[in-house]
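Just follow the structure's listing: the first ligand is 1, and inside any ligand the first atom is 1.
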Amino acid sequence: MYTVPQLADFSGPSLDAAVRDLLAALESEATAVVGETDWRAFRDRWMARKNGILSQVNDLWLKAAPGPQKRDVGQRVNQLNKSVEEAVESAKGRASGSSSSLASEKLDVTLPGIRRPLGVEHPTIRTMNTIVRVFQRMGYSVGEGPEIETDYYNFESLNFPPNHPARDTQDTIFIAGQERKAQRDRLLLRTHTSPVQIHTMERQPPPVRIVIPGKVYRHDTPDATHSPVFHQVEGLVVDTGITFCDLKGTLDHAMKALFGASMKTRFFPSFFPFTEPSADVAVTCFKCGGSGCRLCKQSGWIELLGAGMVDPNVYQFVRKNGYDPAKVSGFAFGMGVERIAMAMYGIDDIQLLYSGDVRFLEQFA
Ligand code: DAH
């Protein structure tokens, strides 16, 4: 058991040795403390005002030191006071902690675990990726374009002349304060992915075989089948000798790949400014299989996409880049992703796809 020695001399080395012995004793006694009672004894032995080790140090070392050495001894004694206080404080933490540490280590294995729900691909995005993959397997590349477009790309270069009534079918949001710009430079939220046809042909000469997924905007009031923001997948093929047969075969294959081999397709005459001839493409009604029901309005067919042969007027806008209407021909198509998702999964209200309701979304997990 450590006792405070009287110092034979107060030189630096002999003070250092005395301090070293004391600190070693402090440390070994501190580690030996296990419970509350131990700790109290430890504290009193070192810190008791009467005859505690520190007070002995004060008497035997500091008070006994000759004048010239007082300062030196005083500094070391101050340091020792601090060390002892710290040792007592940290031993207290351990002493009281040791009784409650078992409690904190208790584990109730009957409690339910922490569930971390995994996110899933949103049904719209999943459908979009499925469509894109069908065309990738046919050798198509995949592209994207800006959602903020100029009037030129969204309308003019797709053969919607300024003030043409066909523009009324695709009203959108125009960026404000552009009255001083020429009409073709005014910015708007794109109403379809078709402008990316032009961007693509500006970037690469024929042949082209590309699909373009993306978000589009329309001035539409939300209801069960309309949303002011929705998604499309656009397709464009340009090469020499492309015919309407290629278009029919391609889309027929794509619909069978998406909905099953028994799916039939039917092409109805239609109009789009950027295709000639144009068609609306319908597929066998998913609900009744073609016999006629409320969903297909007794027709047996559901209209799913627009398509057609690229209008020669469109090539005029990219003629410099190798698109000579006398030499190349091509087809284009565009489909609404939500419509296809609704058909695939039997969703009867498009708004469900935008609600973010987990109870709806987790059905697609
Ligand atoms: N852009 C048209 C729309 O949003 C859809 C469309 C129709 C795209 C015919 C095409 C096409 O590429 O050939 O209504």
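Side-chain polar atoms of D220 and S227 form no donor-acceptor pair below 3.5 angstrom. With no hydrogens or angles considered, a side-chain donor-acceptor pair links E147 and Y217 at under 3.5 Å.
Annotation for F174 and L188: closest pair CE2-CD2, 3.4 Å, computed over non-hydrogen atoms.
Around CG of N163, the count of heavy atoms belonging to other residues, nucleotides or ligands within 6.0 Å does not exceed 12. Within 6.0 Å of atom CD in Q351, more than 12 heavy atoms from other residues, nucleotides or ligands are found, so the atom counts as buried in its surroundings.
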Enumerate, one pair per line, all nitrogen or oxygen atoms of ligand 1 lying under 3.5 Å from a protein nitrogen or oxygen, stating the separation to 0.1 Å; write 'none' if no such pair exists.
residue, atom, partner, partner atom, Å
ligand 1, 1 (N), H192, ND1, 2.9
ligand 1, 1 (N), S194, OG, 2.9
ligand 1, 4 (O), R218, NH2, 2.8
ligand 1, 4 (O), Q232, NE2, 2.9
ligand 1, 12 (O), Q197, NE2, 3.1
ligand 1, 12 (O), E234, OE2, 2.6
ligand 1, 12 (O), F333, N, 3.2
ligand 1, 12 (O), F333, O, 3.2
ligand 1, 13 (O), A332, O, 3.1

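Under the side-chain contact (heavy atoms from CB on, under 4.5 Å) rule, V73 has a single partner from L15, L7, N78, which is L15.
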